Structures are given as C-alpha cells and as structure tokens.
Amino acid sequence: MFICRIRRKVSKLSKMIANLDKFVVFSHVVYDKSDVVQNPCSVSLNARSFRSSRLLCESVQSSSSGLAIQISRTAKTGARDVLFEYLHSTRGFSFMDAEHISKNSPHFFEKLLSKFDPEEDVVKSLSKFLRYNPINEFEPFLESLGLSPAEITSLIPQRLMFLTDDSVMLENFRVLRDYGIPRIKMGKMYKESREIFEYDYGILASKLKAYENLGLSKAIVIKLVSCCPSLLVGGVDAEFAAVLEWFKELGMKKDEIGGFVSGKGIYDWGRMLDTLDFLDRVGYTDEQLHNLLKTNPALLFQGSGKKVYVLFGRLLKLGLKMNEVYSLFMQNPHILSVKCTKNFCKALDFLFDIVMQTEDIVHIVSTRMELMGSYSLKGPKTVCRELNIKRDELCQIIKEDPLKWFDVASKSKIQSSIRVASKDPSTFLEKTAFLSRLGYLENSDEMLKALKQFRGRGDQLQERSDCLVNAGLDSNVVKNLIKQAPMVLNQSKDLLEKKIDCLTNWLGYPLESVVAFPAYLCYDMERINQRFSMYAWLRERGAAKSMLSLSTILACSDARFVKYFVLVHPEGPAKWDSLKNSLNTA
C-alpha cells in the first residue's frame, strides 16, 4: 500500500511538472550557464517540492532572458522592509544606517531573495529565514558604501560575520559619517586606504581637524579626503600642505584646490610639488603660474604634472641643453596648456614621421615652438596625399620654409591678415612694415600672431625699439629680444628709458642683463624700487651676495622674497616695512 501511494504521488507530481512546462519553456542556454554560475539551489531554503526547487533555479539563472517568474514590486518592497527591521530592531543598527543599507545593497538583496520561491509569500519567507539565519552584515554594508560585488569579495573580513565584531572599523565609519562624508564615497576610502578604518578612538577625528587647521573649509576637506583617501593615512601629508602653500603664494584661495580634484583622479602630491618647483626654476612668474592653473588645471591635476616632465624629457632627448629648454619654456609660457602640449607633441611626431634629421628638428623647435603648440596638424600621410608628393619632398619643403608646414598641414586654416587690416589700414601697414624689419615674413602666420601681440602704431613700436638700440644694445640683439618678449614694446618710450636708467645707473647692472632677463623691462617701477632697495640694504650689511641675477630678485613671489631677502637679517622686517611705506608715500 505504501509503495502504491508513493507511485500515485509521483504520477501526480509528473503531471504538475508537465502542465508547468506548457507555460514556461526553459532555454538550453540557461541550462548551460548553470555549469558556470553557482547554483542558487545549493544555498536555498529547504524546498517543499521538486517543482519549487527546479523553478527557483530557473528563475535565477534565466532572469536575463526574461523567462523567469519575477517577484512583484510590492513583494520586493515588503521584503526590503523586513531586511530593514532585521537590521534596526534585531541587530540594533540606527534607523538611518539600517535604512541606507537596506535600500543601497541591491546585489545582496537580490541574492537574498533568490533563496525563495517567487510564487510563495516572499515577505513571510524572508522574515522566517532571518529569524533563524543571521546574514554576513559586511556584504550589504560594503555594497551600501558604493563597492561592487567583485570588489567586496576580497574585502570581507575572515571569520567575522557581524559589524559589531569589528568595533574599531564601525567607530571610524561613524566618525566619517558624522563629519559629513557621503556614505557612497566611503567604499573607495575603504578599498584604497583601509588603514583609515583601523585607527584607535579619536585619532581619525583629529586628522580631519588637522586639515581644517591648514586653512581649508570643512566642505573642501570632505571632498579632498573622499577623492584622495591617502591624505588620512599617517600624519598630515607634508607634500599636500606644500602644494597648498603654493596656491596661497600664487594668490589663490586654498579652497580653490577642491575645484580641481575628482573621485576619478589619482593624485601624487609629491610630483605636483616637483612640477611647481620646476616651473618656478624655469622662470615662470607667479602671475603666469596663477593664470596657467586657472585656465589649465589639468596640467597639474591630470597625471599630477606628468605631462610637463614628458614634454621636458622629449626636448632633452632631441639634444637641447638644460638652459636651452628653460629658455624655450620661458619664451613660450603657454606651451604647457593641455591643448598646446598636445599640439606640440603631435607636431614633433610629424617631423619624426617624415624622417627629418634631428638637427633640423631642433632648429624648427627652437624657432617655431609657439606655432607648433598653436595649431592642430593633419598627419604626414594626409598632407602628402593632398599635395601629391613623397615624404622626403615634404621634409625638404618644411626645412626650407617651416611656415609652409603650418599652411599646408593645419587642420583649421588661419584667416587672412586682410581682416586685421580692414579695421585700420594705415596702422596695419605701419605695423607690418615694422615687423618686416624685425624679420617677420609678410602675410605669414607668425606675422599675424605678432600683429595681435604688439600694441601701438608702427612708428611708436619703432621708437621704442630704437630706444633700446640707443641705450647701447646691438640692433640684432634687440630684434631677438623683442621676438622673445614682445610685451617689452607694449610700454612707452619714457618708461623704458626710466627702467634702463634705473638698471645701469642706480642698480649698477650692465645693460646686457636685460638680454638674459627681458621681463625686467615689464615689471612696474614700484616692485623694482622696493625689491632692489631691500637687496642693496642687505648687500651693504654683507647679508646678500653681490650682483644676483635680475630674475632671482624680481621673479620670485612676495612670500619667497620675504623669506630669502627680508627675514635673513634681524632688522630686515622693519626695513622692509619702512621701504614699502616710504615708496608708497612718494
């Protein structure tokens, strides 16, 4: 009798399965996936029948194909409430923590629901399951902090199940949460700098406060440590603090640094600091660095200044000497913008692709660096095809007249100088005549750029140029000086004469000093008088070397000048204040 009952039940079960198969057709592909994907049935609840077990497997495995029986939205909402109640009431999580974890751990939640038959009361099943089966709380907790399941696998502590088992980690999490750091950002912090969550009580809070003491607002500290968690490892990052001081010296607010960082970046503060020091040594003024960072923050914050070193390295590899590279950077300060650096490197590759000799490349780089950075060029193959010439012929054309290179290879053709001339024909003709005497080719791209750089009529520009020649400089030297620093001629003749007289008669420097540092003629008289008066005072007392370069005294920031030319003598600060007051009143 017992065997007969068994047979009848098996027969009835077979009919049920057959009826079910009429409505749900299971894909063979899904069955194949079950060999690769872990079978959810292996971790399911005690199934009440073979049917429910088989359906559970297919529901999870074929969910992507749309054939699975989905759990209703209402049931999911109810199940999420059950998880919240478990975390809040059973496990003692705060209301906010329990709510955030239950709502922001979708993968864990789906895995939890996969344990139950969708046709049954999922809410009731989950409630019963959690009553007798505690979960590993690290999984939903870490997922709620913004980590993916793949990342979580390697981060779950061994032999720990409850968050309260790691009270130190939990305490540091609460410190970050209470400080205002978004929970969704904490996953990155946990993954990249796990040491942050291992500090003893009170240490993490003091580290956050230490960054505020550097002059940063709380909102910026939150953004910085979220994007760069390593700042909280060890003491206050000295290299970051030094970069911050640079910002201050350049006349920028410290909080502005927060606008340059993002969660996607990787920041090497040491390399950034080296980059800023390098640009300072090259001769960039504080104003130039300030403008460079304002307009091209990516130069420093994308790759932590790596592009500067790449460009510098490529120039050295060409065979240029260190001082020649410094000079090129000084003459072309905008070459370090993201766009100019990209254009320049592509132009350099262009010359190598047409097999130009290194010495010829060096000559073009030395004389046409600004143009190489200004224009985006087509590839050599395209140019050769358009001109119907070979590469060696193109190479010869560029060697003979580099300006033709930009004419035939530039992606965006430069507008004719006719448009510039149309505004004021007489002024235009005077200026072009003056520029031609300086060596600019008529109607060239270089001349068009020069027309925009020089301010004033042609006769005024000639008068200012003659002023430098009459002072004692060779005419060819003056031409080169003007090409290197066009802004020199944007000042009146009287002002130029005054600065030259100050240089030679009052300061005692030879006139040739302006050839090495033409920017001297561009500084205002107040800065020149104040700084050189202080320098002369120090020399009289033996506290400074004689005849320091003009750039050393004028180009450094105010903070650096005070450090190296004021604070070096006990009476220095008083003298400096006295000089500033007397010169200001005068």
Side-chain angles (χ1 to χ4, degrees), residues 87-88 91-102 104-105 107-108 134-214 216 218-244 258 261-271 304:
L87 295 171
H88 180 51
R91 295 293 307 132
F93 285 57
S94 71
F95 183 93
M96 295 295 290
D97 289 344
E99 184 180 47
H100 181 81
I101 293 172
S102 62
N104 293 279
S105 51
H107 291 94
F108 173 80
I135 60 173
N136 187 320
E137 295 169 3
F138 285 92
E139 289 185 52
F141 172 71
L142 293 175
E143 187 179 355
S144 73
L145 299 186
L147 293 173
S148 67
E151 293 170 322
I152 291 170
T153 305
S154 60
L155 295 174
I156 294 178
Q158 297 294 321
R159 294 185 294 275
L160 291 183
M161 193 168 184
F162 303 115
L163 291 180
T164 50
D165 291 340
D166 193 345
S167 58
V168 173
M169 183 278 294
L170 202 55
E171 173 61 23
N172 285 301
F173 157 74
R174 287 169 181 156
V175 170
L176 295 175
R177 176 199 65 192
D178 295 343
Y179 191 75
I181 294 173
R183 298 168 193 257
I184 203 70
K185 303 285 187 182
M186 291 187 203
K188 172 185 171 76
M189 300 174 74
Y190 190 85
K191 182 179 74 172
E192 294 183 5
S193 302
R194 199 165 174 179
E195 306 96 309
I196 296 172
F197 293 82
E198 297 173 355
Y199 288 129
D200 288 336
Y201 296 95
I203 293 179
L204 183 54
S206 67
K207 288 179 180 292
L208 292 165
K209 188 65 180 174
Y211 282 101
E212 287 187 50
N213 293 338
L214 291 178
L216 296 168
K218 187 175 182 179
I220 297 302
V221 173
I222 289 172
K223 184 171 184 182
L224 284 168
V225 299
S226 300
C227 297
C228 187
S230 60
L231 287 174
L232 292 175
V233 177
V236 171
D237 192 309
E239 291 169 337
F240 168 80
V243 171
L244 213 55
V261 296
S262 73
K264 296 179 180 178
I266 298 174
Y267 303 102
D268 184 335
W269 303 106
R271 186 195 284 167
S304 304

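Keep in mind the model is a prediction, meaning the values are calculated, not measured.
In this structure, the side chains of P182 and I222 come closer than 4.5 Å at one or more pairs of heavy atoms. You'll find the side chain of I156 reaches within 4.5 Å of the side chain of E139, heavy atoms only. Contact of the L214 side chain with the F240 side chain is registered, since non-hydrogen atoms from C-beta on lie closer than 4.5 Å. Between L163 and M169 the shortest side-chain heavy-atom distance falls below 4.5 Å. Counting heavy atoms from C-beta outward, I196 and N172 have side chains that stay 4.5 Å or more apart. Between V175 and Y199 there is no side-chain heavy-atom pair separated by less than 4.5 Å. Counting heavy atoms from C-beta outward, L155 and R194 have side chains that approach closer than 4.5 Å. Side-chain contact between C228 and W269 is present, with at least one heavy-atom pair separated by less than 4.5 Å.
Judged purely by atom type and a 3.5 angstrom limit, K185 has no side-chain atom pairing as donor or acceptor with the backbone of S226. Remark: the backbone N or O of I220 is not paired with any side-chain donor or acceptor of Y211 at under 3.5 angstrom. E192 contributes no side-chain N or O that, together with a main-chain N or O of P229, makes up a donor-acceptor pair within less than 3.5 Å. The closest donor-acceptor contact from the side chain of S154 to the backbone of E151 lies under 3.5 Å.
Here D165 does not pair with R159 in a salt bridge; the nearest charged N to carboxylate O distance is not below 4.0 Å.
Residues I184 and S144 approach most closely at CD1-O, 4.1 Å, considering heavy atoms. In terms of heavy atoms, I181 sits closest to M189 at CG2-SD, 4.0 Å. Of all heavy-atom pairs between V236 and A210, the closest is CG2-CB, 3.5 Å.
For the pairing with F173, the ring-ring contact (aromatic ring centres under 6.0 Å, His included) check across F138, F141, F197 returns one residue only, F141. Each of R177, H88, R174 was checked for a side-chain hydrogen bond (donor to acceptor under 3.5 Å, both in side chains) with D97, and the lone residue meeting it is R177.
Within 6.0 Å of the NZ atom in K209, the count of heavy atoms belonging to other residues, nucleotides or ligands does not exceed 12. For M161, the CE atom sits in a packed shell: over 12 heavy atoms of surrounding residues, nucleotides or ligands are nearer than 6.0 Å.
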Give the C-alpha distance, both sets of side-chain angles, the deciding distance and a yes or no for side-chain contact (heavy atoms from CB on, under 4.5 Å) between I135 and F108. CA-CA 10 Å; I135 60 173; F108 173 80; 3.7 Å; yes
